[in-house]
2 protein chains.
Amino acid sequence: MSDAAPGTPTPPPPSPWERERPARARVAAARTPLSRGRIVEAAFTVLDRQGLDRLSMRQVAAELGVTVSALYAHVSSKDDLLELMYTRLFDGFEPPAPDPERWQEEVREYARSGRRRLLSHRDMARISMAHVPFTAELLPHVEALLAVFRTAGLPDRIAAEAGDLISTYIDGFAVEEGMWRDRAAQQGGESSSPARPDWREMADEMRNYFASLPAADFPHLRALAAVMVTDSSDERFDIGLEIILRGLASYLPDPAARAGADVSRASDAG
Amino acid sequence: MSDAAPGTPTPPPPSPWERERPARARVAAARTPLSRGRIVEAAFTVLDRQGLDRLSMRQVAAELGVTVSALYAHVSSKDDLLELMYTRLFDGFEPPAPDPERWQEEVREYARSGRRRLLSHRDMARISMAHVPFTAELLPHVEALLAVFRTAGLPDRIAAEAGDLISTYIDGFAVEEGMWRDRAAQQGGESSSPARPDWREMADEMRNYFASLPAADFPHLRALAAVMVTDSSDERFDIGLEIILRGLASYLPDPAARAGADVSRASDAG
DNA sequence: ACCTGAACACCGTTCAAGT
DNA sequence: ACCTGAACACCGTTCAAGT
């Protein structure tokens, strides 16, 4: 690094491992004027690097090579910035087109893509959980989800609650995933990056913990250890989703319309 | 305030409205030795007064009439303190006794009392959401809940997910309730205390907002406005809970065992 | 018009020193 | 044994001043 020939000071290459410092950003983008968009962008960078608890206005400013106070000309507060990040999460989201024949599949796609979006940035689920999609930009998304439930034939009271229930499930599940991710990353130390923690090691440890419990006091936890903690949580997400979908389907007034409910899987789920 | 007769400086009476300052606590309890229990107690007082975002070690210390650094002899960090608060939430919790005949009613009671506990302290749901009940003290509660699902006859994979799903629902619902509570309190200003915000005013405003949306773009939101935002959220909580319970019931291998599921309500829910 | 510098009122945590 | 005081390295936000 420091043994370059004098006169030709080769700057260290910006490697992805050198993540703890805002490096060349402050010179490269120094003359580009600030904007809400660039601030949000920088905030996501800091978020992924530091996590929500260490996402500060000062860190964002540093990332942009700018003073903290400069941010306040474009963003009214940290809360404002967080709301912008929340809103950006829905960018490019294509609302489902309501189709009574396949409403369950549409909800599945909505939920899975929602989870994917939340997982694409560190602690994003915690930010999502702290906000409500009732702003002018986000209301169309709520409308689209309600349209799916309502045109499927669900009673109004159920349709109204279903939107909340699904959203809460997605956020809550992703928040929990984030917690395990953090735990695995801080435990794995240097061997695993925060983006790709070693699940397997942590999952093994968890299963061992459950298996070590006294059999007399924890028969059910011991019996369920293997299915409770899995290497991938995709399957677990789908199971919870399916439970909700079946519950919703049970409210369809016309029993024939419940055909979409995959009740046949009931027996092979154990 | 400043026109008291000279020589008789009457101190202002400690009124319950003057909540922003830790008043006589610092003299009354000054000589009682510190303990984890007393620190947690003080933390709850600060939490209810200031909310989680302004709950600080310094505020807790002030509440106890003690220096910040004194706390660190009994509590290893702020996270440690938050975990103690989370654990205390389960104090006096009586686990449900598994009974296949009435497992749904047991889950309802569990969920309702869980919500009540979360609502008994400001922002408690946010604290709960950030923790996982896998400590030695809390594991018996998890075991009890799993016992209910498993002895009811649910397949293992479903039972394992059901615990998570119900807990996430309770926490998520209560987090959202807290958000509306905060919003109502800060909007109501002086007229309503943070403990008893005026729901009605806020609910009216919300319904008006939905009603004012263009009918062409938001037909479903307009149609559901009345059922989406209600004066009390008790009913909404029960509906979401019922959706989950019905979904779970659909996995019971023996159809006769599903008798507990109150499917008859399907038609009058709209 | 856009940003800087300095300031204000806070944070969590540590540690030598007092009693 | 238990607590204090001072310090360190941070926060969000404001505002006069510079260019």
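Values below: all heavy atoms of this structure, side chains included; hydrogens, waters and symmetry mates excluded. Convention: sequence-line order gives letters A, B, ...; per-chain numbering from 1.
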Asker: Measuring to OP1 and OP2 of D/dC10, would you say a side-chain N or O of A/Q59 lies under 4.0 angstrom away?
Answerer: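 Indeed not, no polar side-chain atom of A/Q59 lies that close.
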
Asker: Just compare D/dA6, C/dC3, C/dG5 and give me whichever is closest to any side-chain atom of A/L34.
Answerer: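 Ranking D/dA6, C/dC3, C/dG5 by closest atom to the A/L34 side chain puts C/dC3 first.
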
Asker: Starting the side chain at C-beta, find the nucleotide from C/dT13, D/dT13, C/dT4 nearest to A/S69.
Answerer: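 So the nucleotide nearest the side chain must be C/dT4.
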
Asker: Look at all strands and tell whether A/S56 reaches a base, only sugar-phosphate, or nothing, counting heavy atoms closer than 4.0 Å.
Answerer: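 Sugar-phosphate only.
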
Asker: Please name the nucleotide paired to D/dG12 by Watson-Crick or G-U wobble geometry with both distances under 3.5 Å, or report none.
Answerer: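 In the structure as shown, D/dG12 has C/dC8 as its Watson-Crick or wobble partner.
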
Asker: With a 4.0 Å cut-off on N to O distance, would you call A/D234 and A/R112 a salt bridge?
Answerer: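 No, this pair does not count.
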
Asker: Looking at A/D164 and B/R236, is there a salt bridge between them, counting it only when a charged N and a carboxylate O are closer than 4.0 Å?
Answerer: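 Result for this pair is yes, salt bridge flagged.
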
Asker: Reckon B/A70 touches a base, only the sugar-phosphate, or nothing at all at heavy-atom distances under 4.0 Å?
Answerer: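 Result for B/A70 = base.
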
Asker: Which listed nucleotide (C/dC11, D/dT13, C/dG5) is nearest to the side chain of A/T67?
Answerer: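 Out of C/dC11, D/dT13, C/dG5, the nucleotide with an atom closest to A/T67's side chain is C/dG5.
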
Asker: If we call it a pair only when both distances are under 3.5 Å in a Watson-Crick or G-U wobble match, what pairs with D/dC3?
Answerer: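 Paired with no nucleotide.
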
Asker: Hey, would you say the A/F134 and B/F210 ring centroids sit under 6.0 Å apart?
Answerer: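 Judged by ring-centre distance (under 6.0 Å), A/F134 and B/F210 do meet the cut-off.
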
Asker: Run A/D231 and A/R207 through salt bridge (Lys or Arg N to Asp or Glu O under 4.0 Å) and show every step you take.
Answerer: CA-CA 11 Å; A/D231 287 347; A/R207 274 185 292 258; 3.4 Å; yes

Asker: If I take atom CE in residue A/M57 and atom P in nucleotide C/dA7, what distance separates them, rounded to the nearest angstrom?
Answerer: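 For the pair A/M57 CE and C/dA7 P, the rounded distance is 21 Å.
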
Asker: Where do B/E41 and B/R88 land on the salt bridge (Lys or Arg N to Asp or Glu O under 4.0 Å) test, with the steps shown first?
Answerer: CA-CA 10 Å; B/E41 215 58 46; B/R88 231 215 45 172; 3.0 Å; yes

Asker: Taking only side-chain nitrogens and oxygens of A/H74, does any of them come within less than 4.0 Å of OP1 or OP2 of C/dC3?
Answerer: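 The answer is yes; a side-chain N or O of A/H74 sits under 4.0 Å from OP1 or OP2.
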
Asker: Which of the following nucleotides, D/dC15, D/dG12, C/dG12, is nearest to the side chain of A/K78?
Answerer: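 Side chain of A/K78 sits closest to D/dG12.
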
Asker: Does the C/dG12 base have a donor-acceptor partner in the side chain of B/S77 within less than 3.5 Å?
Answerer: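 No.
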
Asker: What is the distance from CG of A/L71 to C1' of D/dT14, rounded to the nearest Å?
Answerer: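 One finds 14 Å between C1' of D/dT14 and CG of A/L71, rounded.
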
Asker: Between D/dC10 atom P and A/D53 atom CG, what is the distance in whole Å?
Answerer: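 From A/D53 CG to D/dC10 P: 16 Å.
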
